[in-house]
Protein chains: 2
Amino acid sequence: MIFLRYAKTIHKKMKRVSLKDIAREAGVSTTTVSFVLNGKAREKRISEAVCQRVQELVCALKYKPNQVARGLRTGQTKTIGLMVEDISNNFFATLARIIEDEADRHGYKVLYCSTENNTEKAKELLQMLHHRQIDGYIITPTNGIEEEIRELLQHKRPMVLIDRYFPEIPTNYVMVDNFRGAYMATEYLIKSGYRKIGIVTLASEQVQMQDRLEGFMAAMHQYKLPVRKYDLKKIPFEQQREKTVQEIVRFLRPATRPEAVFFTTNYLGIYGLEAIKQLGIPVPEELAVISYDDHDLFRLHNPSITCMAQPIAEIGRQVVQVLVREMEEQNGNGNGNGNVNVNQLVLPASLVVRSSCALQEWVI
Amino acid sequence: MIFLRYAKTIHKKMKRVSLKDIAREAGVSTTTVSFVLNGKAREKRISEAVCQRVQELVCALKYKPNQVARGLRTGQTKTIGLMVEDISNNFFATLARIIEDEADRHGYKVLYCSTENNTEKAKELLQMLHHRQIDGYIITPTNGIEEEIRELLQHKRPMVLIDRYFPEIPTNYVMVDNFRGAYMATEYLIKSGYRKIGIVTLASEQVQMQDRLEGFMAAMHQYKLPVRKYDLKKIPFEQQREKTVQEIVRFLRPATRPEAVFFTTNYLGIYGLEAIKQLGIPVPEELAVISYDDHDLFRLHNPSITCMAQPIAEIGRQVVQVLVREMEEQNGNGNGNGNVNVNQLVLPASLVVRSSCALQEWVI
DNA sequence: CTGAAAGCGCTAACAC
DNA sequence: GTGTTAGCGCTTTCAG
């Protein structure tokens with residue numbers, strides 16, 4: 001049985017037990033306790049007896065180290081910063097969940113924040129994450145944030161970009177092959193017999209959107225199909241839902257209506273379905289629909305919507321893995337050389353064939 | 001112009017500027033700088049000149065206080081812990097976004113975690129949040145976590161429960177009136193002319209689910225309609241999607257099929273739609289559908305799905321407001337009396353009439 | 001008006 | 001084998 005000399009005091013003050021308390025109870029120094037707790041008992045050759053005694057007290061008093069103090073001391077907060085475009089977006093929310101689980105397996109917790117795709121906000125958030133001493137960054141970069149990314153790189157802060165990247169900056173990233181995905185989506189439409197194909201995308205300079213547009217263009221070009229100016233609709237990112245829907249309605253007006261539309265993000269697809277519903281256009285009879293990104297809605301919509309799905313779980317797993325490796329590397333050895341290889345993963349998107357494009361027998 | 005004596009050193013070491021650096025540059029003590037930074041210049045009657053000089057240096061060196069150190073010293077990490085059932089769930093993700101914004105307005109950041117509705121996991125997470133010294137808790141409680149909640153209460157940790165609560169524990173909470181919501185939904189079905197009404201709910205002891213079931217029962221009873229045992233389906237929470245869909249398919253088999261179904265959560269509703277799709281039952285002609293919680297999918301589904309929507313934005317705003325108030329209160333005065341009033345907000349759900357229940361002229 | 005100094009709880013180099 | 005001690009960066013009491 002362990003005699004807790006100070007237990008009463010501790011309880012009365014409702015104060016958390018600290019390492020010092022354990023040391024005092026055990027009649028050893030804080031160093032010893034610290035060593036035992038950090039698994040350095042062997043290395044530091046702490047006697048078995050002391051070791052045991054400390055462990056018992058830790059359990060008895062339910063001692064848990066104060067992460068903040070430890071963070072201050074070691075510089076490691078065991079926290080990952082997750083900067084996404086918008087955590088309420090299905091894609092990012094699902095990703096956040098995977099990242100949470102995966103990070104947890106390595107002992108990390110996640111602080112999230114949404115940029116709204118706003119450069120200024122993103123910069124501030126990066127600052128904030130820095131001041132909170134997070135150990136690693138998972139970033140959905142906005143435009144105009146190159147400078148800050150470069151700085152993080154220079155300071156050798158563990159970091160992985162997701163969803164998009166800067167071709168001119170050698171960072172880690174985990175991406176989906178947007179060009180190929182868009183190409184495949186478009187090719188699928190073409191092979192399904194459509195020739196007048198429209199695209200609704202974001203008016204964005206970001207690579208991932210550019211790539212999708214280019215993938216579309218490449219496929220159209222490959223099959224020698226024209227893309228007229230009214231076949232291409234670019235929606236400003238910040239634009240309100242209502243307005244967007246209206247613009248899509250206009251885009252789909254009978255006069256210039258394409259035979260098939262490709263929406264380059266899932267929410268554009270959702271808005272698009274809204275517009276289509278308003279117009280009462282039968283899908284796929286009068287208009288075939290394909291979207292980038294999957295969504296519950298696409299599966300259940302009537303008709304169900306064919307799409308290019310991103311391997312979200314895989315992205316989440318990979319991104320954490322890369323990040324953790326880098327954090328531990330930085331931790332283990334100073335690695336003055338800085339010759340850490342960058343990890344640039346490009347995962348394939350996959351075509352999910354459903355019923356919004358007539359020809360369903362076609363197999364990729 | 002400011003002469004930065006040590007600027008070179010600082011830069012070379014890539015070290016963050018600290019309060020000490022500012023003090024040294026300014027030729028004053030750290031105390032003074034701290035006072036200036038914390039807006040106590042007036043109070044402490046720091047001379048205008050010194051004040052100015054410090055401010056300039058802070059800007060010039062882009063100094064930002066180290067939150068971890070500050071956290072250790074003050075015990076305040078300016079972090080809120082958000083424990084939800086599953087961050088990837090649309091309802092919680094949307095809520096997380098609102099909470100993020102609202103918290104930010106008060107200078108707080110959010111650490112999130114998902115319980116998966118698993119008591120053990122939830123307990124661990126609560127521990128984890130505690131060790132990270134978060135300033136306040138926003139909790140979606142699981143069953144069996146009463147003890148821990150009581151403890152938090154005893155220790156006067158700022159906390160607000162959401163989505164559900166424990167009637168026997170006097171905590172703050174922000175809820176939706178589940179009983180009334182379910183009552184209204186059921187009443188709407190009844191007034192729309194349906195008499196054989198089924199309900200698909202979770203096999204859960206949690207109040208919010210109980211309330212919904214009771215609301216349904218109360219309405220049925222009020223209108224003297226029977227609820228046969230095959231009109232009630234309870235799905236275990238952990239159950240896989242596939243299995244759930246199959247059970248709903250079975251529940252809707254022609255022999256015992258009700259005229260209308262009430263799904264008590266949005267994902268049950270989604271699974272339900274999947275089952276309905278499999279069976280090819282025409283809605284609302286042969287089966288009317290209503291669901292608790294709104295979802296993009298319900299709006300766009302064909303036919304669009306009538307539902308009881310929770311005021312998510314309002315919940316988010318209120319929950320942060322209550323929490324912040326409590327955190328600041330605790331901060332301001334020790335308030336030894338502990339006579340802080342609990343804030344128990346019950347917000348109304350609202351009926352969103354769409355086309356999945358035939359009679360649409362009915363107005364609540 | 002300003003500064004010295006004592007920690008917050010923990011880690012780890014260095015001593016004995 | 002174990003303890004002493006010096007901080008991590010910041011706040012705040014108390015003394016000038």
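Here the structure is a predicted model, which is why all the values come from computation and not from measurement. Naming convention: chains lettered A, B, ... in sequence-line order (proteins, then strands); numbering from 1 in each chain.
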In whole angstrom, what separates B:Lys44's NZ from D:dT13's P?
6 Å
Walk me through whether B:Lys123 and B:Glu120 qualify under side-chain contact (heavy atoms from CB on, under 4.5 Å).
CA-CA 5 Å; B:Lys123 286 184 185 174; B:Glu120 281 318 306; 3.9 Å; yes
Among the nucleotides C:dA13, C:dT11, C:dG9, which one has an atom lying closest to any side-chain atom of A:Thr31?
C:dA13
Think B:Lys40 has a side-chain N or O under 4.0 angstrom from the OP1 or OP2 of D:dT11?
no
B:Cys51 or A:Asn38, whichever maps to the more 5' nucleotide of DNA chain C:
B:Cys51
Measuring only between side-chain heavy atoms, which start at C-beta, is A:Leu153 closer than 4.5 Å to A:Pro170?
yes
CG of B:Leu72 versus C1' of D:dT12: gap in Å, rounded?
14 Å
With side-chain contact (heavy atoms from CB on, under 4.5 Å) as the test, would you mind laying out the steps for A:Thr79 and B:Arg132 before giving the verdict?
CA-CA 10 Å; A:Thr79 305; B:Arg132 296 200 162 228; 2.5 Å; yes
Can you see if the side chain of B:Ser47 gets near the phosphate of C:dT2 - specifically, an N or O under 4.0 Å from OP1 or OP2?
yes
Is there a side-chain contact between B:Arg70 and the phosphate of D:dT11, meaning an N or O under 4.0 Å from OP1 or OP2?
yes
Integer-rounded Å distance: C:dC8 P and A:Gln67 CD
19 Å
Does a side-chain N or O of A:Ser29 approach OP1 or OP2 of D:dG3 to a distance below 4.0 Å, or not?
yes
Please tell me if B:Thr74 has a side-chain N or O lying less than 4.0 Å from either OP1 or OP2 of D:dT11.
no
Residue pair A:Thr31 / A:Ser34, side-chain donor-acceptor N/O under 3.5 Å:
no
Any idea which of D:dG1, C:dA13, D:dG9 is nearest the A:Phe35 side chain?
C:dA13
Should we count CD of A:Gln127 as having more than 12 external heavy atoms under 6.0 Å?
yes
Please report the distance, rounded to the nearest Å, between CD in A:Gln52 and P in D:dT2.
13 Å
Between C:dC10, C:dA5, D:dC8, which nucleotide gets closest to the side-chain atoms of B:Lys20?
D:dC8
B:Val28 side-chain proximity, nearest of C:dC10, D:dC10, C:dG3
C:dG3
For C:dA12, does either OP1 or OP2 sit under 4.0 Å from a side-chain N or O belonging to A:Arg73?
no
Between NE2 of A:His130 and P of D:dG9 the distance, given in whole Å, is 11 Å
Does C:dC8 have its OP1 or OP2 closer than 4.0 Å to a side-chain nitrogen or oxygen of A:Asn66?
no
Does the side chain of B:Thr32 get closer than 4.0 angstrom to OP1 or OP2 of C:dG3 through an N or O atom?
yes
